[in-house]
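Along the sequence shown, residues carry numbers from 1.
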Amino acid sequence: MPTRPASRIGQFAVPAAIIGIIMMMVIPLPAMILDLLLVANLSGAVVILLTAMSVKRPLDFSIFPSLLLVATMARLSLNVSSTRLVLLDGFAGKVIESFGHFVIGGSVIVGLVIFLILVVIQFVVITNGAGRVAEVGARFTLDAMPGKQMAIDADLSSGLITEDQARTRRREVSAEADFYGAMDGASKFVKGDAIAGIIITIINLFGGFIVGVMQNGLSLGESIETYSLLTVGDGLVSQIPALLISVASGLIVTRAASDADLGSDVVSQFGNQDRALRIAAISVASMAIIPGLPKIPFILIAGALWIAATRSKGRNETEVLELAAGEAAAAAPVSKDTPEAIASDMRVDPIELEIAYGLMDLVDAARGGDLLDRVRSLRRKVAMDLGLVIPPVRTRDNIDLPGNAYVIRVHGVPVAQGEAPAGMVLVLGERPAGLPGQSTIDPVFGMEATWVPAEMATQAEAAGATVVDRGSVITAHLAEVVRANAARLLSRQDVKLLVDGVRSSDPIVAEELTGAGLTLAEVQTVLQALLDEQVPIRDLVRILEVLSERARTTRDPVALTEAVRTAIGPAIAASHMHENRLPVVTLDPMLEHGLVDAIRPTESGPILAADPETTERVMSSITQAVRDVEQTGRRPVLVCSAGLRSPLRRLLRTVDPDLAVMSYAELDRTVQVDAIGVIDLSPTALAQTAG
């Protein structure tokens with residue numbers, strides 16, 4: 001809910017009023033001031049009751065529990081002040097005197113009976129019922145919090161709401177739980193107020209008898225007439241506002257969220273029951289036939305019910321016709337057989353994370369689950385690393401999965417899956433001795449790992465093992481899938497948003513791109529080719545500058561991609577450096593020359609058309625060389641000529657998709673190269689390759 005700026009009146013007047021309420025218990029008040037405060041107390045109770053009836057949902061009156069405490073203290077303070085005046089002066093103002101003489105007709109017995117009836121209504125009926133409703137409401141609200149939080153997180157992950165909307169909804173869910181919890185406790189104030197009213201009245205009665213007879217020398221009858229009437233009047237003056245606030249309390253805790261106030265809902269919902277009103281009118285009219293009962297009241301009430309039923313029927317028929325017309329107008333787009341509806345049902349999310357019921361604790365914030373927060377943070381990290389804003393990750397539960405399993409889908413196709421057993425942590429590498437566990441394979445790095453009980457995580461870390469919690473395992477696996485499928489996740493709409501961002505920051509670059517005649521589809525092809533080799537596209541301004549310049553001479557996607565790679569070569573090399581040096585494996589010049597001669601153009605780009613035996617030997621030699629270098633703790637880069645880079649990368653993708661292949665043109669003088677290997681073949685194989 002939006003917050004209003006703090007009011008200076010509220011900042012000073014409300015605390016001053018609360019302090020004044022406390023001071024009234026010890027400072028005597030003149031009868032005139034007491035009259036004013038009693039009227040203010042009654043008026044405040046009326047305002048609270050009307051406000052409770054006017055709000056559309058309980059949270060619109062969230063201050064009510066605190067207000068209930070303040071109102072209770074105000075009534076008790078007024079009781080103390082009035083008791084002091086009654087016992088000292090035998091007069092407590094015109095308000096109490098009027099209630100003692102006019103309202104109850106000057107009869108102490110009648111006054112006591114009415115006072116006790118009001119107390120019973122407030123204490124036994126309204127307060128107990130409201131307290132029970134508040135208790136149940138608080139319990140159900142707390143039980144429903146995890147489900148509501150999950151629904152909010154799911155809507156946020158699917159992109160249905162924004163971060164601000166999700167934050168507002170979470171705040172409302174928390175405020176609702178706090179409100180019902182506070183109302184459960186605040187209802188005890190009203191109950192205590194009713195008990196205190198009874199005790200104070202009894203004390204005043206006996207105190208008045210003693211003061212009148214023993215101190216003032218009045219007879220028993222005079223004492224009863226003077227003090228008892230004032231005591232009963234005082235009790236009625238305090239109990240009527242208490243009854244009004246008790247009713248307001250019951251209305252608040254029983255009020256369901258609605259688009260209208262209580263009065264409008266009552267008229268609307270009873271107005272929809274024209275048949276019930278008509279039957280009630282006939283039943284009431286029939287009771288007038290019973291001998292001895294007055295006929296006029298029954299006939300008047302029956303006539304009023306019949307008129308209400310007639311008006312309700314006419315209004316309902318009009319609403320039905322309007323509703324039917326609206327449904328008829330909307331029938332076509334709502335029909336599930338329309339192409340639009342079918343297309344909507346067929347649409348799949350770009351990326352989805354399905355989890356089994358055994359992993360629900362990871363997304364339940366009430367149980368400390370933060371998986372959804374980690375997934376949202378992953379989007380930002382990928383954007384910072386690759387320059388790609390991936391679409392929201394749709395997280396949903398799947399009861400068909402095994403208990404601790406999860407599945408990652410890209411465009412509806414399962415691309416990865418794994419398990420995260422409850423109460424376990426993943427220990428990477430060799431399991432420390434003495435730790436029980438279940439052997440597995442790490443889904444990200446493909447290395448041996450073990451699921452061990454979570455309570456042994458500290459012991460595993462002390463033994464030097466790397467320990468990863470379940471949420472981190474799933475998040476890391478999802479990040480790896482996103483990086484591996486970044487090219488597939490880059491849609492045409494994403495490219496448009498990226499280009500529009502450049503247009504707002506560097507309009508000249510965007511104008512040149514438009515002038516070069518490049519379409520979004522061609523830009524998307526180049527960006528996807530870069531992402532396919534894990535090349536970040538964060539430097540989008542420079543990428544578009546190169547595309548605008550190169551597109552004047554060629555529109556070939558491979559040539560455009562190689563031109564971009566050459567321009568951002570230092571950034572590509574920086575991502576593969578080890579200790580500020582680039583470990584490089586090169587090809588023997590004769591072998592490279594032979595492979596260049598084996599390049600053949602195709603519709604999908606150039607390929608290596610060497611014979612299968614030579615191709616196999618080249619791939620094996622490169623793979624073995626890379627593996628040997630990796631034994632030293634470094635991941636090398638294969639460097640070749642610019643014309644050979646693209647077809648050689650396409651060839652090696654099948655055996656080592658993570659191997660980076662760069663051209664000499666991408667290495668400028670700022671890159672410190674560490675040449676650690678040369679791929680060479682026998683002269684026979686080289687001759688076959690050249691042939």
Side-chain angles (χ1 to χ4, degrees), residues 138-161 163 165-174 176-178 180 348-379 390-410 412-427 437-438 440-444 449-457 467-482:
R139 184 181 306 168
F140 285 172
T141 302
L142 290 174
D143 291 343
M145 275 190 68
K148 292 180 179 180
Q149 295 283 6
M150 287 183 59
I152 295 171
D153 292 335
D155 288 345
L156 178 60
S157 299
S158 63
L160 296 177
I161 58 177
E163 288 279 359
Q165 291 173 326
R167 194 176 298 109
T168 301
R169 289 191 183 182
R170 292 193 190 98
R171 192 182 303 116
E172 290 180 351
V173 170
S174 178
E176 185 180 11
D178 293 342
Y180 280 105
V348 296
D349 295 299
I351 183 167
E352 300 176 69
L353 172 62
E354 294 184 351
I355 59 176
Y357 66 89
L359 304 181
M360 296 300 291
D361 61 303
L362 297 179
V363 299
D364 187 357
R367 290 187 281 176
D370 59 350
L371 180 60
L372 296 178
D373 292 332
R374 295 190 185 190
V375 171
R376 285 191 292 271
S377 300
L378 171 64
R379 296 182 64 202
I390 64 173
V393 181
R394 179 71 177 272
T395 305
R396 64 177 71 185
D397 60 321
N398 187 344
I399 60 176
D400 295 329
L401 293 176
N404 299 304
Y406 63 90
V407 174
I408 304 173
R409 297 176 180 268
V410 175
V413 179
V415 296
Q417 59 184 1
E419 290 187 350
M424 309 285 275
V425 293
L426 188 66
V427 175
Q438 175 184 354
T440 185
I441 299 296
D442 172 50
V444 178
T450 307
W451 287 107
V452 302
E455 57 269 16
M456 295 186 176
V467 180
V468 185
D469 62 88
R470 299 157 65 217
S472 298
V473 171
I474 298 176
T475 306
H477 198 180
L478 180 62
E480 186 67 18
V481 170
V482 169

Please identify each residue that fulfils side chain to side chain contact (heavy atoms under 4.5 Å, CB included) with [X], with sequence neighbours left out.
| X | result |
| --- | --- |
| L378 | V382, L478, A479 |
| A457 | V425, V467 |
| S377 | none |
| A356 | L401 |

Tell me if a side-chain donor or acceptor on S472 pairs with a main-chain N or O of V468 at a distance below 3.5 Å. no
Start with the C-alpha gap between L426 and T440, add the side-chain angles, then the distance that decides, and say whether side chain to side chain contact (heavy atoms under 4.5 Å, CB included) holds. CA-CA 9 Å; L426 188 66; T440 185; 3.7 Å; yes
Contacts of type side-chain hydrogen bond (donor to acceptor under 3.5 Å, both in side chains), residue D361, not counting sequence neighbours: R470
State which residues pass side-chain hydrogen bond (donor to acceptor under 3.5 Å, both in side chains) with D370; sequence neighbours excluded, sorted by chain then number.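 Partners of D370 by the side-chain hydrogen bond (donor to acceptor under 3.5 Å, both in side chains) criterion, ordered by chain and then number, come out as R374.
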Do L362 and I474 have side chains that approach each other closer than 4.5 Å (heavy atoms only, starting at C-beta)? yes
For a 4.5 angstrom cut-off between non-hydrogen side-chain atoms, does V473 reach W451?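 Yes - at least one pair of side-chain heavy atoms lies under 4.5 Å apart.
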List the atom of [X], the atom of [Y], and the distance in Å for their closest heavy-atom pair.
| X | Y | result |
| --- | --- | --- |
| V407 | P414 | CG1-CB, 4.0 Å |
| V481 | A416 | CG2-CB, 3.6 Å |
| E419 | Y406 | N-CE2, 3.6 Å |

Please name all residues satisfying salt bridge (charged side-chain N to carboxylate O under 4.0 Å, His left out) with E354, sequence neighbours left out, ordered by chain then number. R409
Excluding sequence neighbours, so at least two apart, what forms salt bridge (charged side-chain N to carboxylate O under 4.0 Å, His left out) with R396? D349, E352
Report the distance from atom [atom1] of [X] to atom [atom2] of [Y], rounding to the nearest 0.5 Å.
| X | Y | atom1 | atom2 | result |
| --- | --- | --- | --- | --- |
| Y357 | D400 | OH | CG | 12.0 Å |
| I355 | M360 | CD1 | CE | 5.0 Å |
| M424 | D469 | CE | CG | 13.5 Å |
| L371 | L353 | CG | CG | 6.0 Å |

